[in-house]
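Atom set for the values below is all heavy atoms of this structure, side chains included, hydrogens, waters and symmetry mates excluded. Order of the sequence lines fixes the chain letters, A, B, ..., with proteins taken first and strands second; residue numbering starts at 1 for each chain.
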There are 2 protein chains.
Amino acid sequence: MGRRAVHDREALLDAAIELFARGGAQAVTMAALARHCAAPSGSIYHRFPDRAALLAAVWLRTTERFVAELVTVLGDTPDPARGIEAAVWCVDWCRAHAAEAQVLHAGATAFAPEGWSAADRHNWDSDNTALRTLLARTARSVARQAEIRADEAAFAMFDLPLATVRPHLAAGRGIPESASDLVGRLAARILGSPA
Amino acid sequence: MGRRAVHDREALLDAAIELFARGGAQAVTMAALARHCAAPSGSIYHRFPDRAALLAAVWLRTTERFVAELVTVLGDTPDPARGIEAAVWCVDWCRAHAAEAQVLHAGATAFAPEGWSAADRHNWDSDNTALRTLLARTARSVARQAEIRADEAAFAMFDLPLATVRPHLAAGRGIPESASDLVGRLAARILGSPA
DNA sequence: GGCATACTAGAGAGAGGTCTCTAATAAAAA
DNA sequence: TTTTTATTAGAGACCTCTCTCTAGTATGCC
């Protein structure tokens, strides 16, 4: 099968995410990645045809991992209690994955998707529509049972945890345990369950 | 008094904010700003000693303007009703100032404050402590009257509107009117006033 | 008018990043 | 062993950006 890889794709992406967490997208350069991994630039270009492909891969792998876990947390037929759990889980995930949380929190636009290849753009689109339908379905289901509006339920489950986590990520701090508590309380208040 | 300025400081900052809204901090280069204003690079460097000073000015002017208006909205002795107004006002401000909202939403770290001059860093520090004490005082006052915790009140007044606005900013869309409604309802629910 | 001043104007050096290209190398397959 | 192939290795052309430096120009004041 040819020579065994010293720098495999996953390790390079891990390093790229690390660079991103430290200095934002502008710190994720092919040259910086090569330095950080002590790899020659050729090895980087062997995996990623250009910088846009690297940035796309950082975004896509991170979001896909996050959503895959989120799906299992939400389960098949989410109710308000499950919605609160999901909100708290988002906070806990950010605490456990500090660097990837920075990626998520920066949003796709930080990775210059306008420069991505057609294939990467397509993957991004499918991820987006899949996520949107998942969230819409979940929000509707929870909102019906909690007797509130769907946009309120959606906020409580997804925007609320990200908003709580955001100041800590921006400051480069870790996420305190109290953030999970706060999200649990607020989500409970919005979703109307006993606090 | 010397020659009249063709490119004055405020106009350059407006242009820089425009560039930021379109392409993030990496798009705010001295060269790009010069191109965008059809000014020679010398004129840019006449106003801003280096790129870090430009980025600092973009951040500082934007936040100082926002906070100055916020102070008047909050008034002297904020109560829960005033807190809800402030939350909705944040959303309306973002709608009315799309480009500056992008700056605010990106956070200071997007402007590489580690490279700022000592003077700019100092201004940033004072702004921060002033804002923090303002928010803490407001949150305490509102929380006492609403009989909730201070961190919950702070969330409802400041993090909540930013979180609601965030997805729209990230997508490059304008802020819909419905966002103001949503924030009003959620803030009312958290602050415990009649919805 | 003449002078001082504040600004415009833009060339150019130097640094760093992107990407291409060729050669070397290690491991699996024949 | 020989061949094939995936990968490492890194030199180098090209581009863009930052920042410096010198010269030119318009305006207010004496």
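Across the protein-nucleic acid pair, B/Phe48 atom CZ and D/dT18 atom C1' stand 16 Å apart, rounded to whole Å. What separates CG of B/Leu19 from P of D/dC17 is a distance of 11 Å, to the nearest Å. Atom pair B/Ile44:CD1 and C/dC7:P shows a separation of 13 Å (rounding to whole Å applied). Between the CG atom of B/Leu33 and the P atom of C/dA9 there is a distance of 14 Å, given to the nearest Å. Between the CE atom of B/Met30 and the P atom of D/dT20 there is a distance of 10 Å, rounded to whole Å. A/Tyr45 has its OH atom 9 Å from the C1' atom of C/dT20, to the nearest Å. With rounding to whole Å, B/Leu54 atom CG is found 10 Å from D/dC19 atom P. The distance between atom CD of B/Gln26 and atom C1' of C/dG17, rounded to the nearest whole Å, is 12 Å.
Closest contact between the side chain of A/Arg51 and the listed nucleotides D/dC19, C/dT18, D/dC17 involves C/dT18. Taking every side-chain heavy atom of A/Ala5 into account, D/dT8 is the closest of C/dG17, C/dC7, D/dT8. Here the nucleotide nearest the side chain of B/Thr29, chosen from D/dC17, C/dT18, C/dT8, is D/dC17.
When the nearest nucleotides of DNA chain D are assigned to A/Ala38 and B/Ala31 by heavy-atom distance, the more 5′-ward of the two goes with A/Ala38. Two residues, A/Ala32 and B/His46, neighbour DNA chain C, and the one matched to the more 5' nucleotide by heavy-atom proximity is B/His46.
Among the heavy atoms of the strands, none lies under 4.0 Å from B/Arg9.
Looking only at side-chain heavy atoms (C-beta outward), B/Leu162 and B/Arg166 stay at 4.5 Å or farther from each other.
The pair B/Asp92-B/Arg95 meets the salt-bridge criterion, with a side-chain N (NZ, NE, NH1 or NH2) lying under 4.0 Å from an Asp/Glu carboxylate O. Residues A/Arg22 and A/Glu18 are paired through a salt bridge, judged by an N-O separation under 4.0 Å between the basic side chain and the carboxylate.
We find the CG-CZ distance between A/Leu191 and A/Arg82 to be 14.0 Å, quoted to the nearest 0.5 Å.
Judged purely by atom type and a 3.5 angstrom limit, B/Thr164 has no side-chain atom pairing as donor or acceptor with the backbone of B/Ala179. Side-chain atoms of A/His36 do not come within 3.5 Å of backbone N or O of A/Ala32 as any donor-acceptor pair. No side-chain donor-acceptor contact under 3.5 Å links B/Arg47 to the backbone of B/Leu13. The backbone N or O of A/Leu169 lies less than 3.5 Å from a partner atom in the side chain of A/Gln102, making a donor-acceptor pair.
Close to C/dA6, at under 4.0 Å from its OP1 or OP2, lies no side-chain N or O of B/Arg47.
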Grab the N/O contacts between the protein and nucleotides 24-26 of chain D below 3.5 Å, and write none if there aren't any.
unit_1	atom_1	unit_2	atom_2	d
D/dG24	N2	B/Arg3	NH1	3.1
D/dT25	O2	B/Arg3	NH1	2.9

List, with names and distances, any nitrogen or oxygen atoms from the protein found under 3.5 Å away from nitrogen or oxygen atoms belonging to nucleotides 10-16 of chain D.
none

Identify all side-chain donor-acceptor contacts of residues 51-62 of chain A below 3.5 Å with residues at least two apart in sequence or on another chain.
unit_1	atom_1	unit_2	atom_2	d
A/Arg51	NE	A/Val28	O	2.9
A/Arg51	NH2	A/Ala25	O	3.0
A/Arg51	NH2	A/Val28	O	3.3
A/Arg61	NH1	A/Glu10	O	3.4
A/Arg61	NH1	A/Glu10	OE1	2.8
A/Arg61	NH1	A/Asp14	OD1	3.4
A/Arg61	NH2	A/Asp14	OD1	2.6
A/Thr62	OG1	A/Val58	O	2.7

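Closest of all the heavy-atom pairs between B/Ser180 and B/Val88 is O-CG2, 3.9 Å.
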